[in-house]
Participant: 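Can you keep this structure in mind? I'll have questions shortly.
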Amino acid sequence: MERRAAPDCAHNQLLIGLDRTGTWYRYHHLLGDVLRLEAKAVIGPADLADLHVRAGTWHHHHGNAHDAVEHYIAGGAFETAADLIYDEATELMNRGQLRTVRDQINRLGVVADRHAGAMVVRGWISLLTGDFADARSCLANARALEPNDDVAGLIVALAIMANVADGDVAGALAEARLAGSPFESTQAMTLGSAHLWGGDFDSATVLLAQAQSMAEREGNAFVETVAPIFRAIAEIETGDRASADRHASQALEIANVNGFSELAQTALAHSVLARATSVSGEAIAAARRGVALARESPERIMLGYALASGGDVLCHHRNPDGEGLLHEARAIIDRCPDPGIAGRYLALAEARHQIRASPRPAANQLVDDLTDRELAVLRYLPSPLSQRDIATELYVSLNTVKTHCKAIYRKLGVGDRKAAVQAARDRRIL
């Protein structure tokens, strides 16, 4: 138990100071154990539960959300605990207590199952710790609870990131189209990331700048760290190496201050720095660091992009490990339903280093205009429908769809369906 305005802890063996100012202290754990045993023996269960709730309220009012939740749970105030977990999720998660918070949510029992806010927080924790199946389950459960607008916005944000983690940019963009204007930083960041991986860099930059501004006001250290990383990717992809270097460096500085240096998402900041610098040793070191961090997370697009960047940079500097990284990136990207710009960048890197041929028409130019029927088929290509399914939807034969697809690939200057989707986005056809 903590108290303010502590006496001199140096002369009281039952007290332990928690700071250098004498403001915070706690009882020795042995005294705490004795007091808890005495309380159980003397105070009835109802009164003990009431004391826990009162302690939870005290901690809540004094800015200690973690201990407040613990006391609310001990006192059986599960709804209050669930509300607080949702309201203080940013603080709790910024402190790196992801697994601790997930444990608290699990101890809420059936209350968590019917509390949309707690379910969304658990979904975010599962996503950040690589448990994508649980994140998807939490998404479905939260949506079924008919959440209010605030929670609904965070559900869409979680759905966008889950699709990106699965390598499905089309799915992320479909979720983004369901969202309204972002009212907090996490929403703005995830909307920006969907547009980023889809190649709409102008929209992405606006949303990510908004996310940074919101995060600074909210004190959301995670978004403060990640939003400039996404901005750096947009800038390196459009050739602005100086701005990319600046935003990636800014992100790493924020990460260091907040203890996020090992955060998997910082991998992409190192990948950008590797591409932005011309100093061989620095570039190779940054590329390797990006790959190492990205491998700590199973997020497909992040890993594929970091591997592609690492392979591209190492090949450029004639490092023998570069080709292997590009092959590894290809294995990841090929498992993505729609890798967006990560797939395009890998194809360009493979062609640049003569690892794999890649047809390239002039930028934003079609070999020939697409016909109306080809455009109709093209609109289905980002979906999970097979060519046979597309034929059924359009009331044409499978051979007709195959013929149209071949024409689309030829006119867009690509060799497969995924590349055609991103090429069409780049040309604002999709």
Side-chain angles (χ1 to χ4, degrees), residues 130 132 164-169 193 196-199 226 229-230 232-239 241 244-245 247-249 251-252 255 261-360 414-416 418-419 422-423:
F132 298 158
V164 170
D166 285 340
D168 187 1
V169 171
S193 74
L196 167 71
W197 295 119
V226 178
I229 296 175
F230 288 149
I233 294 171
E235 288 156 351
I236 200 74
E237 289 294 329
T238 53
R241 293 172 60 180
D245 185 288
H247 278 114
S249 299
L252 292 179
S261 297
E262 300 300 314
L263 188 71
Q265 284 75 13
T266 62
L268 300 182
H270 294 285
S271 298
V272 168
L273 291 176
R275 293 171 63 186
T277 183
S278 58
V279 180
S280 180
E282 293 179 5
I284 291 173
R288 291 190 185 281
R289 177 65 171 157
V291 169
L293 283 170
R295 283 187 172 135
E296 295 301 313
S297 171
E299 294 186 29
R300 290 180 181 176
I301 288 182
M302 180 172 71
L303 179 55
Y305 192 87
L307 287 166
S309 297
D312 189 18
V313 168
L314 265 60
C315 284
H316 175 73
H317 292 283
R318 303 185 185 284
N319 186 288
D321 295 335
E323 185 172 342
L325 291 178
L326 290 177
H327 287 307
E328 189 178 349
R330 173 54 59 189
I332 298 295
I333 292 297
D334 282 350
R335 296 206 302 271
C336 294
D338 179 358
I341 64 167
R344 183 188 66 192
Y345 172 53
L346 174 60
L348 293 175
E350 289 170 330
R352 183 160 45 243
H353 302 295
Q354 300 180 343
I355 292 173
R356 180 173 173 175
S358 177
R360 293 182 59 189
V414 298
D416 58 49
K418 295 175 186 177
Q422 188 54 48

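Because the structure is a prediction, the values reported are computed rather than measured.
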Participant: Please check if the side chain of Glu323 supplies one atom and the backbone of Gly311 the other of a donor-acceptor pair under 3.5 Å.
Facilitator: no
Participant: Answer yes when Arg289 and Glu262 have at least one side-chain N-carboxylate O distance shorter than 4.0 Å, and no when they do not.
Facilitator: yes
Participant: Closest heavy-atom contact between Lys418 and Pro339?
Facilitator: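 Closest approach of Lys418 to Pro339, heavy atoms only: CD-CD, 3.8 Å.
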Participant: Run the side chain to side chain contact (heavy atoms under 4.5 Å, CB included) check on Val272 and Ile229 step by step: do they pass?
Facilitator: CA-CA 8 Å; Val272 168; Ile229 296 175; 5.8 Å; no
Participant: Counting distance only, does the side-chain N/O of Thr238 pair as donor-acceptor with the main-chain N or O of Ala234 below 3.5 Å?
Facilitator: yes
Participant: Run the side chain to side chain donor-acceptor pair (under 3.5 Å) test against Arg300 and tell me which residues pass, sequence neighbours left out.
Facilitator: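 Partners of Arg300 by the side chain to side chain donor-acceptor pair (under 3.5 Å) criterion come out as none, since no residue qualifies.
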Participant: Is Asp245 salt-bridged to Arg241, cutoff N-O under 4.0 Å?
Facilitator: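 So Asp245 does not pair with Arg241 through a salt bridge.
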Participant: Parallel, tilted or perpendicular: which one describes the rings of Tyr345 and Tyr305, with boundaries at 30° and 60°?
Facilitator: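 If you compare the ring of Tyr345 with that of Tyr305, the planes turn out tilted.
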Participant: Do Arg288 and Leu314 touch side chain to side chain, with heavy atoms closer than 4.5 Å?
Facilitator: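 The answer is yes; the side chains approach within 4.5 Å.
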Participant: Flag the pair Leu273 / Ser249 as yes when at least one side-chain heavy-atom distance between them is below 4.5 Å, and no otherwise.
Facilitator: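 The answer is yes, as the side chains (C-beta and beyond) meet within the 4.5 Å cut-off.
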Participant: Which pair of heavy atoms, one from Ala349 and one from Leu326, lies closest together, and at what distance?
Facilitator: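 Distance-wise, the nearest heavy atoms are CB-CD2, 4.1 Å.
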Participant: Of all heavy-atom pairs between Ala308 and Ala329, which one has the smallest distance, and what is that distance?
Facilitator: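 Heavy-atom minimum between the residues: N-CB, 3.7 Å.
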Participant: Do Glu299 and Phe132 have side chains that get closer than 4.5 Å, going by heavy atoms?
Facilitator: yes
Participant: Under the rule for side chain to side chain donor-acceptor pair (under 3.5 Å), what residues qualify as partners of Asp416, not counting sequence neighbours?
Facilitator: none
Participant: Find out whether His316 and Arg352 are in side-chain contact, i.e. whether some heavy atom of one side chain is under 4.5 Å from a heavy atom of the other.
Facilitator: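 No; the side chains remain at least 4.5 Å from each other.
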Participant: Are the side chain of His353 and the backbone N or O of Asp312 linked by a donor-acceptor pair below 3.5 Å?
Facilitator: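 Yes, because the side chain of His353 sits within donor-acceptor range (under 3.5 Å) of the backbone of Asp312.
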